Amino acid sequence: MSALIQRLKHPIVRLLAVFTGPRVVYGWRNADGSWCPHSRVSTHASIEGHGKLVLQDHVFIGHFNRIDGSNGLLIEEGVQVTNFVSVLSHSSHKAVRVMGRRYVNEADPVGYVRRATRIGAYSFIGPHSVIAPGAQIGKGVIVQGYSFVSGEVPDFAIVGPQAPGKPAVVLGDSRSVDRALLQRHPELHSLYAHWAGQDNLRRALQGTPASPADV
């Protein structure tokens, strides 16, 4: 596929999707020119701050998501962002309240939050979740639907809502979820270890409890 076709594909498909409905398009080009042929992005995802957004390859971004790269957003290899998710790197909700009508003309609003956000490799973001500005989500994480995630999330954590409106908490370890499939399919071990590491493959297979540093 020529570079011109690659450059025109997304806007053309977006235009057609107005009439045909949401579509997922293969291929994503970052602002630095790097090309991710296996990443898939919905025509109906709202992408903001493209210049500071970095997608690695094999990323999936489904329909009706808000992806905010305005202050730095890294979505690493293999991440799945399902539907109706907000992944944010800025927030104005405090600034608007405290500044009132003055907010709209203020270049540097009081209380305005600008923080870079990262989602680690092969993590899963469930529907209707909010990833707050500055969140640092480790690799292999499962974020259950309707979660509000802020701060740091350790590798392989399963996080979910403890109560409506409260931040998500660690509920388990995704390596325990992967164990049965990996035990049944040894041909997948090298692929899993490639991104997770040999030690985490061993933990997934043997069920070795995570150390305190991991959780």
Side-chain angles (χ1 to χ4, degrees), residues 1-17 22-91 113-145 147-157 159 168 174 191-192 194-197:
M1 183 181 295
S2 71
L4 178 61
I5 293 175
Q6 290 176 0
R7 194 177 300 273
L8 293 176
K9 181 170 65 173
H10 274 272
I12 290 173
V13 175
R14 274 184 171 275
L15 178 61
L16 293 175
R23 293 289 184 271
V24 172
V25 183
Y26 270 79
W28 172 265
R29 186 174 299 281
N30 289 302
D32 65 1
S34 57
W35 176 246
C36 303
H38 304 102
S39 286
R40 293 93 69 204
V41 179
S42 169
T43 57
H44 283 53
S46 174
I47 309 292
E48 304 173 29
H50 183 271
K52 294 186 178 180
L53 168 65
V54 176
L55 300 189
Q56 294 184 352
D57 209 4
H58 300 276
V59 167
F60 172 82
I61 296 177
H63 305 317
F64 311 115
N65 295 305
R66 182 186 180 195
I67 308 298
D68 164 30
S70 60
N71 292 280
L73 173 58
L74 171 61
I75 301 181
E76 295 184 354
E77 177 180 312
V79 168
Q80 299 174 72
V81 181
T82 54
N83 304 301
F84 301 100
V85 173
S86 291
V87 183
L88 307 174
S89 62
H90 86 279
S91 178
V113 175
R114 297 179 177 88
R115 293 177 186 154
T117 302
R118 179 182 67 88
I119 303 178
Y122 292 92
S123 291
F124 173 90
I125 312 298
H128 299 280
S129 293
V130 175
I131 310 302
Q136 303 294 308
I137 297 176
K139 65 184 178 182
V141 169
I142 296 173
V143 176
Q144 296 182 348
S147 294
F148 175 81
V149 180
S150 62
E152 295 191 11
V153 177
D155 294 347
F156 301 100
V159 298
S174 66
L191 293 169
Y192 190 88
H194 179 75
W195 69 267

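It should be emphasised that the depicted structure is a prediction, and the values quoted were computed from it without experimental measurement.
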Inset, instruction - Examine distances only and state if a side-chain atom of R40 and a backbone atom of H38 form a donor-acceptor pair shorter than 3.5 Å. - result: yes
Inset, instruction - For F148 and A132, work out which heavy atoms get closest and say how close. - result: CZ-CB, 3.8 Å
Inset, instruction - Mark yes or no for whether S42, through its side chain, and V24, through its backbone, hold a donor-acceptor pair below 3.5 Å. - result: no
Inset, instruction - Output all residues satisfying salt bridge (charged side-chain N to carboxylate O under 4.0 Å, His left out) with R118, sequence neighbours left out; order by chain, then residue number. - result: E76
Legend entry - T43 (side chain) donor-acceptor with R23 (main chain) under 3.5 angstrom: yes
Inset, instruction - Look at the side chain of S91 and the backbone N and O of V113, then say whether any donor-acceptor pair between them is shorter than 3.5 Å. - result: no
Inset, instruction - Please examine the side chains of L88 and T117, heavy atoms only from C-beta on, and report whether any two atoms are closer than 4.5 Å. - result: no
Inset, instruction - Give the minimum heavy-atom separation between A168 and V149, together with the two atoms involved. - result: CB-CG2, 4.2 Å
Inset, instruction - Could you tell me whether a side-chain N or O of D68 sits under 3.5 Å from a main-chain N or O of V87, the two making a donor and an acceptor? - result: no
Legend entry - Sub-4.5 Å side-chain heavy-atom contact between L55 and I61: yes
Inset, instruction - Output the distance between atom CD (Q80) and atom OH (Y122), rounded to the nearest 0.5 Å. - result: 10.0 Å
Inset, instruction - Please check if atom NE2 in H194 has more than 12 non-hydrogen atoms from other residues, nucleotides or ligands closer than 6.0 Å. - result: no
Inset, instruction - Please report the closest heavy-atom contact between S39 and W28, naming both atoms and the distance. - result: CB-CB, 4.1 Å
Legend entry - Where P22 and F64 come nearest, the two heavy atoms and their spacing: CG-CZ, 3.9 Å
Legend entry - Gap separating the OG atom of S147 from the CD1 atom of I131, nearest 0.5 angstrom: 7.5 Å
Inset, instruction - Nearest 0.5 Å please: distance from the OG atom of S129 over to the CG atom of N65. - result: 10.0 Å
Inset, instruction - In sequence, state the C-alpha distance, the side-chain angles, and the governing distance for L53 and E48, and then conclude on side-chain contact (heavy atoms from CB on, under 4.5 Å). - result: CA-CA 8 Å; L53 168 65; E48 304 173 29; over 6 Å; no
Inset, instruction - Identify the two heavy atoms, one from Y26 and one from P37, that lie closest to each other, and give their separation to 0.1 Å. - result: CD2-O, 3.9 Å
Inset, instruction - Would you kindly say whether N83 and H63 are connected by a side-chain donor-acceptor distance under 3.5 Å? - result: no
Inset, instruction - Spell out, as yes or no, whether a donor-acceptor pair under 3.5 Å connects the side chain of N71 to the backbone of S89. - result: yes
Legend entry - From CA spacing to verdict: side-chain contact (heavy atoms from CB on, under 4.5 Å), V25, V41: CA-CA 5 Å; V25 183; V41 179; 5.8 Å; no
Inset, instruction - Just do the side-chain contact (heavy atoms from CB on, under 4.5 Å) check on V79 and Q56 with the steps written out, would you? - result: CA-CA 9 Å; V79 168; Q56 294 184 352; over 6 Å; no
Inset, instruction - Report yes or no: does Q136 contribute a side-chain atom to a donor-acceptor pair with the main-chain N or O of G120 at less than 3.5 Å? - result: no
Legend entry - S34 backbone acceptor or donor facing D32 side chain under 3.5 Å: yes
Legend entry - Main-chain N/O of I125 paired to T82 side chain as donor or acceptor, under 3.5 Å: yes
Inset, instruction - Return the minimal non-hydrogen interatomic distance between S150 and A135, and the atom names on each side. - result: CA-CB, 4.3 Å
Legend entry - Expected output: side-chain S70 to main-chain K52 donor-acceptor under 3.5 Å: no
